[in-house]
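Below: one structure, written as structure tokens.
A, B, ... follow the sequence lines: proteins, then strands. Residue 1 opens every chain.
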Protein chains: 2
Amino acid sequence: MERRRQARGERRMAEILDAAADAFAELGYEKASTNAIAARAGISPGSLYQFFPSKEAVARALADRFVTDMRAAHASAFGGADVAGMDLGELLDLVVDPLVAFNLANPGFKALFARPDMPSALAESSQPIQAAMLGQVESILDARVPGLAPADRARSARVLVRVFQAMTPLVAAAPEEERPAEIAELKRVLGGYLTSLSA
Amino acid sequence: MERRRQARGERRMAEILDAAADAFAELGYEKASTNAIAARAGISPGSLYQFFPSKEAVARALADRFVTDMRAAHASAFGGADVAGMDLGELLDLVVDPLVAFNLANPGFKALFARPDMPSALAESSQPIQAAMLGQVESILDARVPGLAPADRARSARVLVRVFQAMTPLVAAAPEEERPAEIAELKRVLGGYLTSLSA
DNA sequence: GATTTTTGCGAGCAATCGCTCGCGTTTGAA
DNA sequence: TTCAAACGCGAGCGATTGCTCGCAAAAATC
């Protein structure tokens, strides 16, 4: 049932997603009304529904865009590095810095993915990226802490991802000059946990 | 403007808070409508408003009750222990276990305090307990990591509290038989960070 | 027993939500 | 140039929200 889009329409869709990202970041998912999103995009409510059948579809499309961008940013920073033989500090810099930068550059990201009350379809959208991240963290764990049982490795990966997600808002909320210190603490938490696992 | 309450009324108020805790835990703050809370308490919407002037007042009263209970649970477990001379594992058990138990026993707690979109008046209610917890964590830090500058100590306390808050839902979501392992990971994260601070 | 206050009800109000509909304008293909 | 399809509008629908109001039963006070 794909609809034929004009170039103008594709542009509008991108603008709507930009507006939705703004609104979600500022108001949260529930309080960001479709009328408000449309107003931020400079269009009428009816026009929004010409491109997306529902608010949830807008969120899903935005989530997909975030996932794509995130994967690109992460892959480009990760490009075939020697995870096993690397200094722990170097590894943390390599992994954490681009992810933090992505989160800072896309304030709407966590509003979509970190909410406990999101519609189930959104959780489906976020599942691939979550699984991909967990997988990558598990492969790092495999290289750095070889003796780990699979169940323990999966649990530790969940812990690491969770801690990262929890600390990111702290970094984002800190004033500009405090950010390096907050990022250092984030790396200290992750590094401390990793060394504790190896012991 | 205090209103005279009968014993029956006081009981009703407690029942309403119980119902609100249930509803907030299950549906989240926004989706827990006042009519739903009243229905769970077995009363009519009008009756609810005889005891609380607004939904926010219900949440504030519930938050106050949580704060009181939490403080009691925490103080009783903390009763004048030798924080400085203690083994790190012992210290973590002493501090973490009662807090985890409280969070598991009160599922509505995090629904009220962990939401980024709560009304500002609720944030005021949660501020005393947050400040108290941060203060206690800072005093522990003072004893265990003496060389820390005040700003760093405050930052580290924020990190520790944040990590705890982030891990608790992981513990709560885990199946019963996995909980000890999840709690062990929580302690490992906190312990790893603390030892990394001392180094 | 008489009176006031508290407790209790549930229909329904005003506001807001996601979303639709009717109709006009612009665009691209023929 | 024609015409169907895509784009665009904004009033407003049906549902839901937090909350009110008029009125009745129960309890406390006299």
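Taking the ring centre of A:Tyr29 as origin, the terminal cationic atom of A:Lys55 falls inside the region bounded by 6.0 Å and 45° from the ring axis.
Put simply, the side chain of A:Arg162 never gets that close to the backbone of B:Met167: no donor and acceptor are under 3.5 Å apart.
Atom CG of B:Asn103 and atom NZ of B:Lys110 lie 7.5 Å apart (nearest 0.5 Å). Rounding to the nearest 0.5 angstrom, the gap separating the CG atom in A:Leu194 from the CG atom in A:Leu141 is 6.0 Å. Distance check, rounded to the nearest 0.5 Å: CD of A:Gln50 to CD1 of A:Ile16 gives 9.5 Å.
In this structure the side chain of A:Val100 reaches within 4.5 angstrom of the side chain of A:Phe164, judged on heavy atoms. A heavy-atom distance below 4.5 Å is found between the side chains of A:Leu94 and A:Met86.
Here the C1' atom of nucleotide D:dA26 and the CD1 atom of B:Ile43 are 16 Å apart, to the nearest Å. The interatomic distance linking A:Arg60 (CZ) with C:dG18 (C1') rounds to 15 Å, in whole Å. Note: CZ (A:Arg3) to C1' (D:dC7) measures 8 Å, nearest angstrom. Between the C1' atom of D:dT20 and the CZ atom of B:Phe52 lies a distance of 18 Å, rounded to the nearest Å. As rounded to whole Å, 16 Å separates atom P of D:dC21 from atom CG of B:Leu48. The interatomic distance linking B:Lys31 (NZ) with D:dA15 (C1') rounds to 13 Å, in whole Å.
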Per-nucleotide protein contact string for nucleotides 19-28 of chain C, where B marks a base within reach and S marks sugar-phosphate only (heavy atoms under 4.0 Å, - for neither): BB------S-
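Residues A:Ser156 and A:Tyr193 bring a donor and an acceptor atom of their side chains to less than 3.5 Å of each other.
Counting non-hydrogen atoms under 4.0 angstrom, A:Ala32 reaches the backbone sugars and phosphates but no base.
Residues from residues 9-23 of chain B placing a heavy atom under 4.0 Å of any atom in DNA chain D do not occur.
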